[in-house]
**Q** 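Below: one structure in structure tokens.
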2 protein chains.
Amino acid sequence: MQISMKCSVAVHCLIFIHEAKGVAKVTSNLLAQSTGCNPVIIRNVISGLKKAGLVTVARGTGGAQLCADPSEITLYQIYSALEPDGLSGLIGIHACQGRKCPIAQNIGQVLQKPYQQIEDAIKQTMESITLQSMIDDFHQLVQKPE
Amino acid sequence: MQISMKCSVAVHCLIFIHEAKGVAKVTSNLLAQSTGCNPVIIRNVISGLKKAGLVTVARGTGGAQLCADPSEITLYQIYSALEPDGLSGLIGIHACQGRKCPIAQNIGQVLQKPYQQIEDAIKQTMESITLQSMIDDFHQLVQKPE
DNA sequence: TTGGATGTAACTCTTAACATTACATCAAAT
DNA sequence: ATTTGATGTAATGTTAAGAGTTACATCCAA
């Protein structure tokens, strides 16, 4: 398990949808071209975002739209929309139960606290980053290239 | 890339070495039995810890020993000893350079800041956790089972 | 010199991320 | 109503990285 590419693709899509508002109909094919991913990957990502209530998708006719204010959407919401298991499993623990060694018996418990702290730190940081802030950064980059 | 099992195995080994001090000679076979890993995995992990200056290993005769105070060894040191590339690469970014779309051209830059923040948060948390604190937790668990 | 240990290279196995194909479903436009 | 272009998703294929294993050179103390 890891923090996969899907998260980056999702941010890409959300910014794209935001920028295209009122300009173009955002289809999965269009997003596939912009991201370089397969349209099915896009549809899966968008599907997760839809279930999380971040976008609406017009079935049949096509087209995705944001259904929340970008300043209300955090990176953690985006990540959670794509990874049902959340951050647990990000850090691997070796299986060594059922052994006589007292260390083997307790290492799981010992590691739980540090790993929980790490996950909490990641979560907090992700919650502090909004889609709006990333859109702002994007606009700055576009306006003054180099 | 991920925070792999190796890190957990390394902590397991370090606690084992600490507890075995003056009691038994800690060989890779012994650690392999306790962790449930292959002896080669253990030797690779120990090799990393050795290069990082955390343990010494007696060649030929065998046996590993801590060569730093557990309160001076942080989880980040342990992790870094095993993952030469550090935390970069923990989060995947899709490749979409060389496309006309301005979002594709800038998404990498836009994502860099958030991802750097996440990595820094992980690093800080890992630096705040010492081997000593994990040894203390282990002792507490052993003394009062259940 | 023998025995048990480490240090690594090379290879295989396994799993999960990622990509692709295929097709059912849907809704607007003609 | 049929066509057209879109979404939703199952099923499968591909690939890369983690994990495991074998093999063997090297080392040191008894």
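Protein chains get the first letters and strands the later ones, always in sequence-line order, with residue 1 at the start of each. It should be emphasised that the depicted structure is a prediction, and the values quoted were computed from it without experimental measurement.
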**Q** Please report, rounded to the nearest Å, how far the C1' atom of C/dG4 is from the CG atom of B/Leu30.
**A** 14 Å
**Q** Between C1' on C/dA16 and NZ on A/Lys6, what's the gap in Å once rounded to a whole number?
**A** 11 Å
**Q** Over how many whole Å does the gap from A/Asn29 atom CG to D/dG8 atom C1' extend?
**A** 14 Å
**Q** Tell me which pairs pass ring pair (Phe, Tyr, Trp, His ring centres under 6.0 Å) where either residue lies in residues 34-78 of chain A, with sequence neighbours left out.
**A**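 As it turns out, there is no ring pair (Phe, Tyr, Trp, His ring centres under 6.0 Å) pair with a partner in residues 34-78 of chain A once direct neighbours are skipped.
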**Q** Quick test of your reading: applying salt bridge (Lys or Arg N to Asp or Glu O under 4.0 Å), list the pairs with at least one residue in residues 91-114 of chain B, sequence neighbours left out, ordered by first then second residue.
**A** A/Asp137-B/Lys113
**Q** For a quick test of your reading: what N or O donor-acceptor pairs under 3.5 Å do the side chains of residues 47-63 of chain A make, sequence neighbours left out?
**A**
none

**Q** What is the separation between atom CG on A/Leu90 and atom C1' on C/dA17, rounded to the nearest whole Å?
**A** 15 Å
**Q** Looking only at side-chain N and O atoms, does B/Ser28 come under 4.0 Å of OP1 or OP2 in C/dT6?
**A** yes
**Q** Do B/Ile42 and B/Cys13 come within less than 4.5 Å of each other through their side chains, counting heavy atoms only?
**A**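 Counting from C-beta outward, B/Ile42 and B/Cys13 do come under 4.5 Å.
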**Q** Could you give all pairs that pass the ring pair (Phe, Tyr, Trp, His ring centres under 6.0 Å) test and reach residues 81-126 of chain B, with sequence neighbours left out?
**A** A/His12-B/His94
**Q** Applying side chain to side chain donor-acceptor pair (under 3.5 Å) as the test, list every pair that has at least one member in residues 17-33 of chain A; sequence neighbours left out.
**A** A/Glu19-A/His139, A/Ser28-A/Arg43
**Q** Grab the CG-P distance between A/Leu31 and D/dT7 for me, whole Å please.
**A**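 After rounding, the reported distance stands at 8 Å.
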**Q** In whole angstrom, give the distance that lies between atom NE2 of B/His94 and atom P of C/dC18.
**A**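 Nearest whole value for this atom pair: 11 Å.
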**Q** Which of residues 34-61 of chain A sit near DNA chain D, with a heavy atom under 4.0 Å from it?
**A** A/Val40, A/Arg43, A/Ser47, A/Lys50, A/Val57, A/Ala58, A/Arg59, A/Gly60, A/Thr61
**Q** Separation of A/Ile91 atom CD1 from D/dA19 atom C1', in whole Å?
**A**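 It works out to 18 Å between those atoms.
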**Q** Can you tell me how far C1' of D/dA17 sits from CD of B/Glu83, to the nearest Å?
**A**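 Roughly 11 Å, once rounded to whole Å.
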